[in-house]
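What follows is one structure encoded as structure tokens, with my remarks underneath.
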Amino acid sequence: MRLDVWLDVTCLFKTRTEAKRACEGGKVDLNGQPAKSHREIKEGDELEISRPFGRKQRILVRAVAERHVAKPEARQLYEDLTPPPSPEEIETRRLERMYRAAATPPRAPDKRDRRALRKMKERG
């Protein structure tokens, strides 16, 4: 079975296209080597997926399914070997989230907001 299809079936990526882009971008390693999306995958293979912010997810292939299955059943197709994050990593992620939330530019007011602004200006 193709690697990108398996990644989609197991719900590790939302779509097959997203899985294909990750493979082409060098974000997926199969048995320690960079993997292309068309590479065949079988039971016992070990994957390492690079996630955002430097996190790595290690996956052991337990089974291969040809068709999409329910999410609980899809989780039975692999074993997640990723160690749990340390308290320092958890705190770092929390701080990153807070920084990104503060650094996002304010959005333009929508129709409802513009009406409220106009009302406030008319009163004052």
(message) Suppose we screen for salt bridge (charged side-chain N to carboxylate O under 4.0 Å, His left out). Which residues come up paired with Asp45, at least two apart in sequence or across chains?
(response) Lys42

(request) Output all residues satisfying salt bridge (charged side-chain N to carboxylate O under 4.0 Å, His left out) with Glu96, sequence neighbours left out; order by chain, then residue number. (result) none

Measure the shortest side-chain to side-chain distance between [X] and [Y] over non-hydrogen atoms and say whether it is less than 4.5 angstrom.
X	Y	value
Leu47	Leu3	yes
Lys56	Arg51	no
Asp80	Gln57	yes
Leu30	Arg39	yes

Which atom pairs, one a donor and one an acceptor, fall under 3.5 Å between side chains of residues 86-94 and the rest of the protein, sequence neighbours left out?
residue	atom	partner	partner atom	Å
Ser86	OG	Glu88	OE1	3.2
Ser86	OG	Glu89	N	3.3
Glu89	OE1	Ser86	N	3.0
Glu91	OE1	Arg94	NE	3.3
Glu91	OE2	Arg94	NH2	2.6
Thr92	OG1	Glu88	O	2.8

Just how far is it from atom [atom1] of [X] to atom [atom2] of [Y], taken to the nearest 0.5 Å?
X	Y	atom1	atom2	value
Lys71	Gln76	NZ	CD	14.0 Å
Thr82	Glu48	OG1	CD	8.5 Å
Leu7	Ser37	CG	OG	10.0 Å
Leu77	Ile59	CG	CD1	11.5 Å

(request) May I ask you to list the residues sharing a hydrophobic cluster with Leu81, side-chain cutoff 4.5 Å, ordered by chain and number? (result) Leu60

(request) Work out which heavy atom in Thr10 is nearest to a heavy atom in Tyr78; give both atom names and the distance. (result) O-CE2, 3.6 Å

(request) Answer yes or no: is there an ion pair linking Glu43 with Arg62, defined by an N-O contact shorter than 4.0 Å? (result) no

For residues 12-27, run the donor-acceptor check on the side chains, cut-off 3.5 Å, and write out each pair with its distance to 0.1 Å, sequence neighbours left out.
residue	atom	partner	partner atom	Å
Thr15	OG1	Glu18	N	3.0
Arg16	NE	Asp4	OD2	3.2
Arg16	NH2	Asp4	OD2	3.4

Show the atom names and distances, to 0.1 Å, of all donor-acceptor pairs under 3.5 Å that link a side chain in residues 97-112 to residues at least two apart or in another chain.
residue	atom	partner	partner atom	Å
Thr104	OG1	Ala101	O	2.9
Asp110	OD1	Asp113	N	3.0

(request) For Glu40 and Met1, indicate whether the former's side chain and the latter's backbone hold a donor-acceptor pair under 3.5 Å. (result) yes

